[in-house]
Structures are given as C-alpha cells and as structure tokens.
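Below is one structure; the comments refer to it alone.
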Protein chains: 2
Amino acid sequence: MYKGNLDTIILKLLSEHNKMYGYEITQKVKELSQGKINIKEGALYPALHRLKSKGFLEVETLKVDNRLRKYYKLTKNGNKESIVKTAELEEFINTMQLLLNPKFNFK
Amino acid sequence: MYKGNLDTIILKLLSEHNKMYGYEITQKVKELSQGKINIKEGALYPALHRLKSKGFLEVETLKVDNRLRKYYKLTKNGNKESIVKTAELEEFINTMQLLLNPKFNFK
DNA sequence: TCTATATACCTAATCAACTTAGGTATATAA
DNA sequence: TTATATACCTAAGTTGATTAGGTATATAGA
C-alpha cells in the first residue's frame with residue numbers, strides 16, 4: 001500500500017524518465033521498492049487518467065510489438081506539481097520520523 | 001494527514017506513556033510533529049474504539065476537574081501490535097525513501 | 001493443443017479511513 | 001457574554017485504495 005502517495009510516485013518517476021507507460025510504471029516501482037510496492041491496475045489507471053485530466057500529464061499512444069502502449073510524460077505544470085508533491089512527501093516522512101523517534105525531536 | 005497510520009501512531013504513543021486520554025493524544029501528536037499533524041476528533045475516537053474492540057486497548061474512566069477523561073492503555077496484545085505496526089511503518093518509510101532517492105537503492 | 005503467465009489496457013463495485021459538521025458539557029479568559 | 005480550551009461522541013460525505021471483472025496479444029511449458 002502506498003497510502004495516498006500514488007500520484008506523487010507517478011509524478012516523481014516521470015520527472016526522472018521522460019516518458020513511461022502504465023505497465024512500465026508498475027514494474028519500475030516494484031523494482032525500485034525491492035518488490036514491496038505492487039501497484040494495482042485498479043489504482044494505477046484511474047490515477048493516470050486523473051493526472052492527465054488535471055493537466056499534469058500528456059499521452060501518446062504507440063503500437064509496439066503489436067500491443068498498444070500509452071506513454072505518459074509530464075507537462076510543464078506536471079513538472080511543477082512533481083516538485084511540490086515530492087517535497088510534501090519528504091516532509092510527511094520527516095514528520096513520521098519524529099513520531100517514531102521522539103528522542104530525536106530536538107536534534 | 002496521517003495516511004492510514006493513525007492506529008500505529010496511537011499504539012506507538014501508548015507504548016511510551018502507559019496511559020493517555022483522547023484529547024491528550026491529539027495534543028501530544030501536535031507537539032511531537034511540531035504542529036504538522038492535527039488529529040481530527042472524527043478520526044481519533046472511532047480509532048480508539050476500534051483498537052479497544054480489537055482487544056489492543058483497555059479503558060478507565062476518571063473524573064478530573066469535573067470533566068470526564070477516558071484513559072487508554074495497551075493490553076498485552078496491544079503491546080505486541082504496537083511493535084508490529086511500528087516496524088511496518090518504519091519499513092514503509094524506508095521503502096518510500098527508496099522511491100524518493102533512487103540513487104541510494106544499492107547503498 | 002491447451003494452459004498458464006506475461007504484457008497491456010480498462011472499469012465497476014466494494015471497502016477503509018479520512019474530513020466535515022454536527023451534538024453535549026464544563027472551565028476560563030477577554 | 002462570548003470565544004476558546006478542554007473533553008467526549010456520531011453520522012454523512014469524500015477519497016483512494018482493493019477486488020474482481022473485462023478485452024487482447026505473445027510466449028513458455030505440459
């Protein structure tokens with residue numbers, strides 16, 4: 001489970017890979033997370049459509065090996081959003097660390 | 001937002017404070033998180049009741065300064081659960097770090 | 001040949017956990 | 001007398017996931 005961070009994960013990945021298609025994203029996340037995060041299709045595709053409808057992603061459909069692939073890439077706004085969301089996730093993680101390690105609160 | 005980690009936060013706090021009441025938990029979390037996490041009552045109280053019904057918490061009602069306080073403390077199973085959930089949250093955070101800092105994947 | 005697995009997309013129904021918004025009540029500070 | 005803090009509670013609505021279903025092609029194995 002990615003706990004509301006799926007959009008952030010997608011935006012962050014796309015900020016590093018120019019363009020990716022849905023299935024590729026699930027595999028990349030699985031690889032980067034050492035098998036711990038397995039994005040479900042029922043979460044992924046609605047998320048991609050949501051991000052596109054918000055103007056953060058643009059799509060290009062290509063046929064590769066007789067199969068359709070929908071490549072997504074960040075728009076200019078998507079790039080901004082990626083930076084904002086990534087910063088928010090980092091802050092969230094730092095805050096969680098404070099709760100887990102209360103002794104380090106005043107470090 | 002605490003993104004599905006409220007139960008973990010409560011269990012972890014109670015593992016360090018013996019007994020706490022609801023309002024106290026919200027204040028303590030606000031303090032520890034430097035104001036960033038503001039637990040809503042609509043989330044807190046159902047969570048406390050849920051954890052109690054699962055046998056992880058036990059309650060003692062006291063009247064202090066003419067106001068009721070419901071003090072919660074971990075049961076034996078609650079203590080176990082606290083350890084499990086805390087470890088899960090730590091692992092989740094580590095996994096998120098991998099996604100945020102892909103260069104550190106092989107450290 | 002048939003079946004399972006991988007690749008590649010999609011949606012609808014369901015579930016869990018949150019926010020919002022309402023309620024009750026006492027104590028204190030402006 | 002009004003707002004804020006303390007202290008508890010629940011119901012309705014929203015969000016974002018899972019589960020489970022669908023379509024279709026390619027490949028590996030029994």
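Owing to the predicted nature of the structure, the values given are computational and were not obtained by experimental measurement. To find a chain, count down the sequence lines: A is the first, B the second, and so on, and within it residues start at 1. In what follows, every heavy atom counts, from backbone to side chain, and hydrogens, waters and symmetry copies are set aside.
- Going from atom NZ of B:K52 over to atom P of D:dC8 covers 14 Å, rounded to whole Å.
- Judged as a salt bridge (Lys or Arg N to Asp or Glu O under 4.0 Å), not a single pair has a partner in residues 63-87 of chain B (not counting sequence neighbours).
- Taking atom CG of A:L68 as the reference point, atom P of D:dA26 lies 12 Å away to the nearest angstrom.
- Residue pairs satisfying the salt bridge (Lys or Arg N to Asp or Glu O under 4.0 Å) criterion with at least one member in residues 1-13 of chain B, sequence neighbours excluded, are listed as follows: B:D7-B:R50, B:K12-B:E16.
- Residue pairs meeting the salt bridge (Lys or Arg N to Asp or Glu O under 4.0 Å) criterion with at least one partner in residues 20-29 of chain A, sequence neighbours excluded, are A:K28-A:E31.
- As a whole-Å value, the separation of A:Y21 OH from C:dC9 C1' is 12 Å.
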| note | Whether each nucleotide of nucleotides 10-27 of chain C has a protein heavy atom under 4.0 Å at its base (B), only at its sugar-phosphate (S) or at neither (-) is summarised, 5' to 3', as BB------SBB-----BS

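- In this structure, B:E88 has no salt bridge (charged side-chain N to carboxylate O under 4.0 Å, His left out) partners at least two apart in sequence or on a different chain.
- For B:E41, there are no salt bridge (charged side-chain N to carboxylate O under 4.0 Å, His left out) partners two or more places apart in sequence or in a different chain.
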